[in-house]
Amino acid sequence: MSKPYTTNNQPAAIEVENVSVELGNMQVLENISFTINHGLMVALVGPNGAGKSTLFKAILGLVPVSHGKILIHGVPFSEIRGELAYIPQSEHVNWSFPLTSWDVVMLGRERKIGWFKKPSKSDKEIVRACLDRVGLYSRRSSLVTELSGGQRQSLFVARALAQEAHTLLLDEAFSGVDIASQDGMMDMLKSLKDEGKTILLSTHDLNKMSDRFDLVCCLNKHICAIGQPNEAFTPEVLEELYGSHANLMIGKESN
């Protein structure tokens with residue numbers, strides 16, 4: 001089992017213990033174990049087909065695990081309310097719905113408001129603050145179809161903040177997002193981490209790992225390594241992840 005990153009006997013933000021996932025007749029994840037404490041920024045890296053999105057779905061309870069268990073703040077996902085927020089890959093979102101930025105972020109308040117109830121003054125103030133936090137309050141009346149890729153991803157972060165989630169899962173959040181927007185989003189996520197939120201972000205970009213992340217989790221259907229970036233990215237681990245392309249990856253991380 002990988003080294004647990006916990007302190008003060010506090011239940012971990014995410015605990016994955018001996019988890020395997022089978023989809024059809026295919027073994028997608030095999031005996032995955034790791035523990036992430038609160039207030040950390042963690043990168044999930046691995047090649048296409050490594051099982052990163054499947055791992056997120058398993059944590060969210062969207063796919064069944066064939067073996068093992070997953071706990072969020074010490075309890076199964078089914079027993080928590082709003083502690084976990086998911087920011088999906090942009091290309092997996094149907095952007096055709098005629099929703100404004102304000103509407104999308106207000107969806108994060110749904111559990112707090114309750115069914116068939118109107119948002120309170122407090123709910124509206126929270127939405128306003130969340131939009132302002134990600135720099136989109138001036139675009140509150142804009143349809144999501146009118147936003148750039150970076151703005152859409154920032155909007156999902158604002159929705160997560162409105163949800164008052166303590167743990168954020170971002171699946172390839174930088175896909176289709178320009179470099180400037182990526183840097184701005186990383187700065188925003190770091191500020192959230194500094195406030196105590198836990199962030200698990202899957203990415204193919206190995207640049208500036210040591211500057212951006214506390215830990216990196218290397219996944220290729222199983223855990224190849226987990227630890228600080230300068231410890232986890234050994235030549236052996238990179239070869240296990242990327243095979244013949246390992247030397248290219250080593251070069252990127254050393255920049």
Sorted by chain and residue number, the side-chain hydrogen bond (donor to acceptor under 3.5 Å, both in side chains) partners of Asp123 (sequence neighbours excluded) come out as Arg109, Ser120
Below 4.5 Å, heavy atoms only, C-beta onward: do [X] and [Y] meet side chain to side chain?
X: Leu192; Y: Val157; result: yes
X: Phe213; Y: Ile199; result: no
X: Leu44; Y: Phe34; result: no
X: Leu71; Y: Pro76; result: yes
X: Asp211; Y: Met186; result: no
X: Ile59; Y: Tyr86; result: no
X: Leu155; Y: Leu131; result: yes
X: Glu164; Y: Ile126; result: yes

Practice prompt. Begin with the C-alpha distance, continue with both residues' side-chain angles, and end with the deciding distance and a verdict on side-chain contact (heavy atoms from CB on, under 4.5 Å) for Lys124 and Met106.
Written response: CA-CA 8 Å; Lys124 293 176 181 178; Met106 185 60 77; 4.2 Å; yes
Tell me whether [X] contacts the main-chain N or O of [Y] through its side chain, where contact means a donor paired with an acceptor under 3.5 Å.
X: Lys52; Y: Leu219; result: no
X: His38; Y: Pro11; result: yes
X: Ser210; Y: Pro229; result: no
X: Gln151; Y: Ser148; result: yes
X: Asp132; Y: Ala129; result: no

How long is the span from the [atom1] atom in [X] to the [atom2] atom in [Y], to the nearest 0.5 Å?
X: Glu146; Y: Thr100; atom1: CD; atom2: OG1; answer: 10.0 Å
X: Asn230; Y: Met209; atom1: CG; atom2: CE; answer: 12.5 Å
X: Glu17; Y: Ile32; atom1: CD; atom2: CD1; answer: 13.0 Å
X: Leu55; Y: Ser202; atom1: CG; atom2: OG; answer: 9.5 Å
X: Gln163; Y: Leu168; atom1: CD; atom2: CG; answer: 8.0 Å
X: Ser78; Y: Ile70; atom1: OG; atom2: CD1; answer: 11.5 Å

Nearest heavy atoms of [X] and [Y], plus distance in Å:
X: Thr203; Y: Glu172; value: CA-OE1, 3.9 Å
X: Phe77; Y: Leu60; value: CE2-O, 3.0 Å
X: Ala232; Y: Ala225; value: O-CB, 4.0 Å
X: Ile36; Y: Ala12; value: O-CB, 3.5 Å
X: Pro64; Y: Val21; value: O-CG1, 3.9 Å
X: Pro47; Y: Leu241; value: CG-O, 3.2 Å

Going by distance alone, is a donor N or O of one side chain under 3.5 Å from an acceptor N or O of the other, for [X] and [Y]?
X: His222; Y: Gln27; value: no
X: Ser53; Y: Asp171; value: yes
X: Asn31; Y: His67; value: no
X: His166; Y: Glu83; value: yes

- Message: Under 4.5 Å between side-chain heavy atoms, counting indirect links through other Ile/Leu/Val/Met/Phe/Trp/Tyr residues: same cluster for Val104 and Leu143 or not?
- Response: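 The answer is no; the residues belong to distinct hydrophobic clusters.
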Determine whether more than 12 heavy atoms belonging to other residues, nucleotides or ligands lie under 6.0 Å from atom NZ of Lys197. yes
Output all residues satisfying salt bridge (charged side-chain N to carboxylate O under 4.0 Å, His left out) with Asp194, sequence neighbours left out; order by chain, then residue number.
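Only Lys190 meet the salt bridge (charged side-chain N to carboxylate O under 4.0 Å, His left out) criterion with Asp194.
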Partners of Lys193 by salt bridge (charged side-chain N to carboxylate O under 4.0 Å, His left out), sequence neighbours excluded?
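Applying salt bridge (charged side-chain N to carboxylate O under 4.0 Å, His left out) to Lys193 gives Asp214.
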Arg152 and Ile87: side-chain contact (heavy atoms from CB on, under 4.5 Å), yes or no, with the steps?
-> CA-CA 10 Å; Arg152 290 175 180 178; Ile87 292 88; over 6 Å; no
Starting from the C-alpha separation in whole Å, work towards a yes-or-no answer on side-chain contact (heavy atoms from CB on, under 4.5 Å) for Ser33 and Ile223.
-> CA-CA 7 Å; Ser33 291; Ile223 298 295; over 6 Å; no
**Cation-pi geometry met for Arg140 and Tyr137 (6.0 Å, 45°)** = yes
Point to revise | side-chain contact (heavy atoms from CB on, under 4.5 Å) between Val42 and Ile14, intermediate numbers included | key: CA-CA 11 Å; Val42 182; Ile14 302 173; over 6 Å; no
